[in-house]
Amino acid sequence: MSHTDRVVVLVDMDCFYCQVEENLDPQLKGKPLAVVQYNTWRGGGIIAVNYLAREQGVTRHMRGDEAKRKCPQIELVHVPSVRGKADLTKYRDAGKLVASVLQKFTPLLERASVDEAYLDITDAVAVRSNFAKSEIQLSQVINTHVVGCETLEFLYSLYNFGLCDEANLKLAYGAVIAEEIRAAVFRETGYTCSAGIAHNKILAKLAAGLNKPNRQTLLPQDGVESLYKDLPVRKIRSLGGKFGDSLSEDLGITTMAELERFSHKDLRKRYDDKTASWLYNIARGIDLEPVTIRLVSKSIGCAKTFPGRNALIKPESLRHWLGELSAELVERLEKDLEENNRRAKQMTVGFTHDDISASRVHGLSSYDAKKIADDCYALVQKHCVKADGTFCVTNLSINAGKFEDCRNVTAITSFFKSKTVETSDYSDETIDLNEDTSKLSFYKEADASNDSITTEIRTLEEDEAKGSFFLQYFEDMKNSKKRESPVLRDFDTSRNLEDDDAPSTSNGTEICDECNRKVSIAEMTSHKDHHLALQIAKEEKLARLPTITIKGKENAKSKKRKSSDAGTLTKFLQSAAILPEDESEVCPQCQKRIGRNDLAAHLDYHLARELHREINQIKSCSSETAQRSSKKTKTTKAATKNTRSVISFFKPN
DNA sequence: CATTCAATAGTT
DNA sequence: AACTATTGA
């Protein structure tokens with residue numbers, strides 16, 4: 001029961017609105033592009049920029065005109081204007097399509113915005129690792145970056161020298177599944193996305209932003225320290241605004257590493273218990289907030305600003321715009337009723353007048369645009385009209401919420417009560433019955449039948465088209481001899497506080513000069529062996545890469561030799577560190593002192609590292625062709641030549 | 001005169 | 001219920 005038990009993925013669509021436009025009009029692909037709303041004032045406001053345009057320095061916040069100046073070739077797509085205001089329907093619909101794909105991988109899906117969602121794939125990972133027949137291969141995580149080390153090094157560490165903990169293995173399977181998720185999203189929607197894989201939501205979100213676009217990032221718990229070293233506090237979700245600024249100012253800090261120096265007690269002096277605990281945990285990469293099932297929004301609203309001279313001062317214009325807003329609102333509410341079988345019971349009308357914002361709540365008995373507009377008009381007028389009878393409104397919004405389910409929900413409710421505990425590990429998760437659980441293929445299937453879950457499994461098995469996670473899940477469950485009882489996860493935020501007085505670096509450890517990680521002194525020898533053996537693994541992986549031709553004759557032997565030779569090689573390297581100056585030279589790559597006779601081989605080691613990095617980059621950009629192919633050829637040659645030297649480096653003469 | 005619009009969560 | 005803060009495209 002620890003904070004590293006879960007596997008959380010944050011899927012974030014790349015410049016989503018731009019991708020939606022590119023797919024609707026494929027001619028736009030390959031061109032710098034921005035999406036703008038309204039073109040009346042300085043070319044409209046930019047709300048999304050694709051990566052080609054970002055390369056040219058185009059950013060959000062810019063006006064369309066400014067973007068044109070920066071990047072004359074840029075294509076500007078305008079958000080359609082309906083009833084005088086921006087209509088974001090197509091992006092909302094595209095977001096729903098993506099969510100429907102994500103849903104196939106776990107019911108524990110939380111839509112965080114139109115283009116972002118959290119997935120708790122802990123159970124899918126458990127299934128994978130329980131039934132895995134072989135080690136995870138690099139090819140399964142070819143688009144994955146790992147914070148703190150090379151992906152290959154991370155994979156290797158999972159299976160050797162006992163350095164791996166269960167937690168990192170889970171994340172590795174999480175990355176494999178995340179690759180599959182992103183591939184499915186692309187296959188079924190044509191959109192690319194980035195993802196973060198970590199033990200919690202905060203870290204998953206942070207990780208997802210590290211390698212964009214169309215890449216994913218695994219953030220191991222032991223990668224947090226290096227990442228936090230220079231990470232500005234504002235990069236953490238919810239610390240990007242005023243609170244983060246005041247935090248930085250109050251504590252006199254800039255980075256997360258600096259925040260970690262504050263004890264819980266120190267934080268408690270300035271913040272309430274909840275905030276202090278949250279900060280304390282987050283500074284250590286701990287976040288216990290659960291992924292909650294949420295597929296639909298809790299409110300639906302629309303708004304419009306009337307800046308400067310557009311301010312509303314006449315009753316007719318006020319009534320007009322409330323009419324437009326309520327028309328849009330009703331349209332969306334009716335669509336929502338169709339899709340989600342629910343009705344909003346309350347509305348809130350918001351308004352800004354003379355720089356003062358206010359809002360009023362009102363019952364919502366029917367989806368009647370005229371009645372809503374009239375009700376809103378009365379409320380706004382009552383509040384905004386001054387003593388002299390004039391008013392000046394610069395912003396209007398209408399929001400609908402307090403949804404109630406229309407459908408007979410008892411069948412589903414009773415299903416959860418009777419079946420959830422025995423079949424699922426989600427019993428501790430909040431399940432909002434306002435959600436349209438019938439959309440979950442699993443629940444729908446189960447609900448449609450009164451038979452037991454086992455019967456249901458057979459139905460699913462017979463239906464190949466239902467290629468969901470659950471098919472595999474139940475398949476594995478059924479074949480499993482022993483099944484662990486459901487585990488209750490602990491999200492109590494008051495727990496998991498480490499002892500304030502404990503030293504941040506425990507005794508008996510040293511920093512490995514290869515990887516800068518803390519390693520216990522007792523384990524240092526085998527840890528060093530790990531780095532050496534890693535090189536052998538790299539040779540093997542290099543040899544296996546399909547686009548690279550390397551003589552593989554030494555593979556089998558080098559693997560066999562691994563255990564027997566690693567120790568001697570360790571001694572070789574360690575002795576190199578204390579060589580006298582006249583018999584050695586300082587390596588220009590790593591500044592280590594290397595015996596003169598071994599310098600050539602040592603340089604090959606660095607070359608192999610570099611090659612691996614290059615090859616990784618080529619592999620991960622497989623869509624590009626022309627420009628890359630020349631580089632690829634060059635690299636292939638170099639790999640053939642140099643890797644053999646690396647092999648010989650490990651071969652006893 | 002100018003991001004604009006949308007959605008959520010927390011506080012009082 | 002009203003208001004504020006935050007995030008994100």
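Here the structure is a predicted model, which means the values were calculated and not measured. Lettering of chains follows the sequences in order, A, B, ..., and the numbering in each one begins at 1.
Side-chain N or O atoms of A/E258 include one that pairs as donor or acceptor with a backbone N or O of A/T254 at under 3.5 Å.
Within the 4.0 Å cut-off from OP1 or OP2 of B/dA7, not a single side-chain nitrogen or oxygen of A/R111 is found. Between A/R294 and B/dA9, a side-chain N or O to OP1/OP2 separation shorter than 4.0 Å is present. Phosphate proximity of B/dA7 to A/R332: present, with a side-chain N or O under 4.0 Å from OP1 or OP2. OP1 or OP2 of B/dA6 sits under 4.0 Å from a side-chain N or O of A/K85. The side chain of A/Q19 places no N or O atom within less than 4.0 Å of a non-bridging phosphate oxygen (OP1 or OP2) of C/dA9. Within the 4.0 Å cut-off from OP1 or OP2 of C/dC3, at least one side-chain nitrogen or oxygen of A/S359 is found.
Per the geometry, NE2 belonging to A/H78 stands 17 Å off C1' belonging to B/dC5, to the nearest Å. Atom CZ in A/F351 sits roughly 12 Å away from atom C1' in C/dA1 (whole-Å rounding). Atom C1' of nucleotide B/dT4 and atom NE2 of A/H61 are separated by 12 Å, given to the nearest angstrom. Whole-Å rounding puts the A/F243 CZ to B/dT11 C1' distance at 14 Å. For the pair A/N395 CG and B/dC5 C1', the interatomic distance rounds to 10 Å; values are reported in whole Å. When rounded to the nearest whole Å, the span between NZ of A/K235 and P of C/dT7 equals 12 Å. The separation between A/E289 atom CD and C/dT7 atom P is 13 Å, rounded to whole Å. Rounded to whole Å, the distance from CG on A/L88 to C1' on C/dG8 is 12 Å.
Side-chain atoms of A/S263 and A/D266 include a donor-acceptor pair closer than 3.5 Å. Side-chain contact, A/S194 with A/D14: a donor N or O sits under 3.5 Å from an acceptor N or O.
Comparing atom distances between the A/S297 side chain and each of C/dA9, C/dC3, B/dA7 picks out B/dA7 as nearest. Comparing C/dT7, B/dA6, B/dC5 by their nearest atom to the side chain of A/T305 picks out B/dC5. Considering only the side chain of A/R63, B/dT3 comes nearest among B/dT3, B/dC5, C/dA5. Considering only the side chain of A/V361, C/dA1 comes nearest among B/dT8, C/dA9, C/dA1. Distance from the side chain of A/A358 is smallest to C/dC3 among B/dG10, C/dC3, C/dA1.
Only one option out of A/T217, A/T192, A/D12 pairs with A/K212 in a side-chain hydrogen bond (donor to acceptor under 3.5 Å, both in side chains); it is A/D12.
Residue-level contact check: A/S113 touches neither bases nor backbone, having no heavy atom under 4.0 Å from any strand.
Heavy atoms only, all atoms of each residue included: A/R182 and A/N214 are closest at NH1-OD1, 3.2 Å.
Stacking between A/Y91 and the base of C/dA9 is absent under the criterion of ring centres within 5.5 Å and planes under 30 degrees.
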